[in-house]
Structure formats: structure tokens, C-alpha cells
Amino acid sequence: MKTIVLVLGASGQIGTELTQRLRLLYGNDNVIASDIREANAEVMASGPFEIIDATDKETILATIKKYNVNQVYLLAAMLSATAEKMPQKAWDLNMNSLLAVLDLAKDKHIEKVYWPSSIAVFGPTTPKENTPQKTIMEPSTVYGISKVSGEFWCNYYYEKYGVDVRSLRYPGIISWKTKPGGGTTDYAVDIYFKALKEEKYECFLSENTRLPMMYMSDAVEATIKLMQADSKDVKIRNGYNLAAIDFTPKEIALEIKKHIPEFEITYKPDFRQQIADSWPQTIDDSQARKDWNWKHKFDLKAMTEDIIFNLQKIKN
Ligand code: SER
């Protein structure tokens, strides 16, 4: 059967690039982008787009029927730093959108659901190095609470109603096409823009704060690989640990300096430091590598080269 996808949150950091990759894979007209605001020019021009509030179940259902959608990628969410400022709103958005989509799958309106989880499911009591798939999950952020709860809902709908839902615990995702908004790992995106524009960057995390990270193209590939995996190989239905690289602000700055020798970084940690300190430093994703053959391509060096090359191209 033909795959027809609805992407909720297609104007966001991951949604923008995932939509384009899905269009390449399934055909432009078979991937319906949606968000509460218009997407970038490329997404708007290359295929269908609908304005949808991801918590509005009726409009999601109407869109599913209009286009005969059979898979939903739900990427709309409020990230960690913004969620701390608007806890109730974050909870409502992150939870109600997920429950709406899971219900639509339970009622057989769609066959497959993708929903991202995050390293934010972990908290201060979790082992920080090589964090295992199964471990203590006591998050200290609203975003983390919504992600850990969401994971349990995903597993519940799978066990109880047979809903084919799949999820990845993304590390910090680094991109240059669309910036993230309101996350704790956003510094690792901002730093490249500032390095090229001003040759300096004031970092809101301290120099030795190590966090798990990943380049966008790896994140997109992992998502598609998981969604295309045989259902029997998807052994985890709450959220797979997923890893590629890890670094500190100091290390990424040194890598950037290899391309822009004048670049200087300074540190002024704010409230996001505490969030970062509650998360793992490195992740054990061996289960994903074993179950559906996950492999990342980009290390810090290759990612930095690619980003600087592309940002310079835009600049010139
Ligand atoms: N990148 C996200 C954030 O910082 C984590 O999932 O909120």
C-alpha cells in the first residue's frame, strides 16, 4: 500500500528537514506538512501544507481523511527551556497532541505513528555515562516529565491496543537549515551562526558541560530507518536510546577554531545549566544498533565541516 504521511510540526527544526526527506522518499504529494505557522519556502513550495494545531484531534482526523493519510509523524512540542517557563502550556501541548494521535491510531484511522522522545527523560539520579536503555528515569524538567509520560503512553497503546508507535530518545540535534527554539542544547546550533557572523559566542552552558548530540542528517536517517524497520524488530515501544557524538562547549569551540581561527567563546551559564547538568553525558544505544541496525555517519569534525561549508555558501 502507498505510504501517505502527515507531519505535525513541519515548520520546526526537525520537521522541516524530515518533511523534505520523506517527500524524496514517498513523493512530494504523499507527504502533507502541517504546523500552526507556515513552514520555510522549500517545504511550502514542494508539497501540500495545512495549518493544524497538533492538539486539535478533529482537524487532524479531517486531514487524515482528506488525504488518505496512513502514517503520522508528530513533531510538535515545546522544548526544555521554554517549557520551564510555561509548564502548563508545555504539558498540554506535549501530552494532548500525543494522546490525540495515539487515539486516532487506536481507532484505525492511521497505521503507524512516530513520536520523538528525548534524553530529557533522564534526570539527576540516572547514571550519566553510557546511560543504559533501561535505567532510572526521574526527570527534573517539565519537558522531561512530558517525554517520560509520553513514552509510557506509547508503550501502553502498543501493548493494550496494538498501536504501531515508534519512538527515539533524541540527543541534542544540530542543524543549520532551521534553528531549534527553546531547547537546552540549542547553543550547539547558535555557536556556528555566531562564529561565522561575529567570530565570538557567549555560551549559556559552562565550558565542560558534556552532552549527547547528533547531526540533523543522522537524526533524520535514524527516524526513517526506525519507521521502515520490520515491526517484529522494533522491540522497544517506549523510546530507543539513540546516540552519535558527545562534546562540551569547549570542544566544539576548538573544532570551529580550526576553520575560523579568530573565533572566541566566553561562558555565562544561566538557568539552562541546571537542566544540562541533570541529563546524561553519553548514551548507550546498542539496542538500536542491534535491533534495526542503526549507525551514525557524522562525528564532530565532519559535522563542523559540513555546517560551516553550508553556512558560508548561504552567506556568499
Ligand atoms: N534538544 C532538546 C532540548 O534541549 C532535548 O530534547 O530541549
Side-chain angles (χ1 to χ4, degrees), residues 9 12-18 73-87 89-91 93-95 97-98 114-124 126 128 131 137-151 154 167-193 203-206 209-220 222-223 226 238-249 252 269-283 285 288 296 303 307:
Q13 186 203 14
I14 299 172
T16 304
E17 296 201 35
L18 188 60
Y73 287 65
L74 167 56
L75 296 162
M78 199 183 284
L79 292 185
S80 60
T82 315
E84 287 309 291
K85 294 184 176 154
M86 296 182 245
K89 218 173 152 185
W91 175 258
L93 169 62
N94 295 2
M95 277 301 92
S97 56
L98 175 61
Y114 178 75
W115 177 77
S117 185
S118 160
I119 51 164
V121 295
F122 302 118
T126 306
K128 285 209 180 305
T131 304
M137 295 197 290
E138 295 179 331
S140 55
T141 62
V142 175
Y143 177 69
I145 298 170
S146 76
K147 287 295 179 191
V148 92
S149 310
E151 282 199 7
C154 288
S167 182
L168 296 169
R169 291 173 181 156
Y170 288 135
I173 306 293
I174 300 156
S175 59
W176 56 270
K177 281 193 184 160
T178 310
K179 286 191 185 182
T184 302
T185 55
D186 294 11
Y187 90 84
V189 175
D190 294 339
I191 195 169
Y192 288 105
F193 284 84
C203 187
F204 58 76
L205 298 181
S206 63
T209 310
R210 181 172 302 283
L211 286 169
M213 300 278 189
M214 178 178 289
Y215 194 32
M216 178 64 84
S217 64
D218 277 334
V220 167
T223 308
L226 173 66
N238 48 346
Y240 271 98
N241 274 11
L242 188 74
I245 46 183
D246 58 88
F247 53 78
T248 64
I252 191 176
D270 65 14
F271 74 102
R272 289 169 279 193
Q273 184 66 45
Q274 208 184 347
I275 301 178
D277 287 341
S278 78
W279 288 350
Q281 296 181 345
T282 54
I283 298 281
D285 66 346
H296 71 278
M303 178 180 79
I307 295 177

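Residues: numbered from 1 along the sequence shown. Counting starts at 1 for both ligands and their atoms, following the listed order.
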### Message
Could you check whether Thr126 and Thr131, counting side-chain N and O atoms only, form a donor-acceptor pair closer than 3.5 Å?
### Response
no
### Message
Tell me the closest heavy-atom pair linking Ile173 and Ile14, and the distance in Å.
### Response
CG1-CD1, 4.1 Å
### Query
How far is atom 5 (C) of ligand 1 from its nearest protein heavy atom, and which residue and atom is that?
Ser118 OG, 3.4 Å
### Query
Do ligand 1 and Tyr170 have nitrogen or oxygen atoms that lie under 3.5 Å from each other?
no
### Query
Is Ser80 touching ligand 1 with its side chain, its backbone, both, or neither, if touching means heavy atoms under 4.0 Å apart?
both
### Query
Closest approach of Thr209 and Ala276, non-hydrogen atoms and distance?
CG2-CB, 3.7 Å
### Task
Pull out every atom of ligand 1 sitting under 4.0 Å from any heavy atom of Thr184, numbered as shown with elements.
3 (C), 4 (O), 7 (O)
### Summary
When distances are taken from atom 2 (C) of ligand 1, the protein heavy atom at minimum range is Thr185 OG1, 3.9 Å
#### Entry: Leu79: numbered ligand 1 atoms lying under 4.0 Å from its heavy atoms
7 (O)
#### Entry: Side-chain ion pair, Arg169 and Glu151, N-O less than 4.0 Å
yes
### Task
Using distance alone, decide if ligand 1 has a nitrogen or oxygen within less than 3.5 Å of any nitrogen or oxygen in Asp186.
no
### Query
At under 4.0 Å between heavy atoms, which part of Trp279 makes contact with ligand 1: side chain, backbone, both or neither?
side chain
### Task
Return the minimal non-hydrogen interatomic distance between Tyr187 and Thr248, and the atom names on each side.
OH-C, 3.6 Å
### Task
Please report the closest heavy-atom contact between Pro171 and Met214, naming both atoms and the distance.
CG-CB, 3.7 Å
